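The structure appears below as structure tokens.
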Protein chains: 2
Amino acid sequence: MTQPEVNLLTETCPSRTSLARVADKWTAMVVIALGSGRMRFGVLRTMVEGISPKVLTGTLRDLERDGLVARYAYAEVPPRVEYELTALGRTLHTPLRALGSWAEEHIPEVLAARETYDAFR
Amino acid sequence: MTQPEVNLLTETCPSRTSLARVADKWTAMVVIALGSGRMRFGVLRTMVEGISPKVLTGTLRDLERDGLVARYAYAEVPPRVEYELTALGRTLHTPLRALGSWAEEHIPEVLAARETYDAFR
DNA sequence: CAGTATCCTATATGATACTG
DNA sequence: CAGTATCATATAGGATACTG
């Protein structure tokens, strides 16, 4: 009863670190992209426009570490590496895809609000 | 047919700017906090532990500009200012709250995955 | 009380170039 | 091809002091 309503907002709450990691622009885009299925590094790089190899690598590493993405490296020349959402990753895809859909659906209202706001300052 | 499957990931897609804004740690926490209802700056500051006044102000400004939060300032001394999700903001609260719930529900798996990953490097 | 003003640092992001 | 290595920079974030 004396607990805060939303533990998630507490500094000591472990899930907050997870939210911080997951509530991130690049993470969201990569996970949404991977929602289309297993794909190679290069394809991912093309899909998520404007992402640098360094950032993509870092994002994928973090996702892999958290058990959200699986990495498959084939011993071929030239190398071939594929990434795929894990079962856990797919559970994350749902809310992130929902967030993406929100952005797509409400962008007109957001843009309109920005114009109104900017017009007054 | 020649369109990419996910426009959202395109650099020229306006909704991508919105996703970038909304897929953010502080934004998520503030919107989740405001899900509890209209509240004062100070309360918000206490709820979202560790947020500095500067960051909270900035986050609220951005949300206000995008039409997601309404600001109510009362001409009193000392000043009293309250913030509340707008109708549009409440539509955003749903997917963000879902993301928060995901973090809460799956944190054990995430932590376990991290341990396994770190054990090997 | 609700911010704003400052100052400073960490980290994220970018842009390439380079290699197994 | 799939990264890693580097270098440079911007910008977010943090700490704090100050004021209408």
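Heavy atoms only: backbone and side chains are in, while hydrogens, waters and symmetry mates are out. Everything quoted here is computed from the prediction, not taken from an experiment. We name chains A, B, ... by the order of the sequence lines, and we start the count at 1 in each one.
- Considering all non-hydrogen atoms of both residues, Val6(A) and Ser36(B) come closest at CG2-OG, 4.5 Å.
- Within residues 64-85 of chain A, the residues having any heavy atom under 4.0 Å from DNA chain D are, by residue number, Arg71(A), Pro78(A), Pro79(A), Val81(A), Tyr83(A).
- Ser101(B) OG to Ile32(B) CD1: the interatomic distance, rounded to the nearest 0.5 Å, is 7.5 Å.
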List, with names and distances, any nitrogen or oxygen atoms from the protein found under 3.5 Å away from nitrogen or oxygen atoms belonging to nucleotides 12-16 of chain D.
| from | atom 1 | to | atom 2 | distance (Å) |
| --- | --- | --- | --- | --- |
| dG13(D) | N7 | Lys54(B) | NZ | 3.4 |
| dG13(D) | O6 | Lys54(B) | NZ | 2.9 |
| dG14(D) | O6 | Lys54(B) | NZ | 2.5 |

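- For residues 20-43 of chain B, the salt bridge (Lys or Arg N to Asp or Glu O under 4.0 Å) pairs, not counting sequence neighbours, are Arg21(B)-Asp66(B), Arg38(B)-Glu82(B), Arg38(B)-Glu84(B).
- Partners of Glu11(B) by salt bridge (charged side-chain N to carboxylate O under 4.0 Å, His left out), not counting sequence neighbours: none found.
- With sequence neighbours left out, Glu104(A) forms a salt bridge (charged side-chain N to carboxylate O under 4.0 Å, His left out) with Arg97(A).
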- Using Watson-Crick or G-U wobble pairs with both distances under 3.5 Å, give me DNA chain C in dot-bracket, 5' to 3', with [ ] for crossers and | for pairs to another strand. ||||||||||||||||||||

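- Listed by chain and number, the residues in a side chain to side chain contact (heavy atoms under 4.5 Å, CB included) with Val81(B) are Arg71(B), Ala73(B), Tyr83(B) (sequence neighbours excluded).
- Residues passing the side chain to side chain contact (heavy atoms under 4.5 Å, CB included) test with Ala33(B) are Leu9(A), Leu44(B), Met47(B), Val48(B), sequence neighbours excluded.
- Residue pairs meeting the ring-ring contact (aromatic ring centres under 6.0 Å, His included) criterion with at least one partner in residues 93-121 of chain B, sequence neighbours excluded, are Trp102(B)-His106(B).
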Side-chain donor/acceptor pairs under 3.5 Å, residues 50-58 of chain B, sequence neighbours excluded:
| from | atom 1 | to | atom 2 | distance (Å) |
| --- | --- | --- | --- | --- |
| Ser52(B) | OG | Val55(B) | N | 3.3 |
| Thr57(B) | OG1 | Pro53(B) | O | 2.8 |

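- The hydrophobic side chain of Val77(B) is isolated, with no ILVMFWY side chain under 4.5 Å apart from it.
- Here the CG atom belonging to Leu96(A) is positioned 11.5 Å from the CE atom belonging to Met29(A), to the nearest 0.5 angstrom.
- For DNA chain C, the outermost nucleotides in 5' to 3' order that have an atom under 4.0 Å from a heavy atom of chain A are dT13(C) to dG20(C).
- Partner of Leu92(B) under the side chain to side chain contact (heavy atoms under 4.5 Å, CB included) criterion, out of Thr86(B), Leu85(B), Val22(B): Val22(B) alone.
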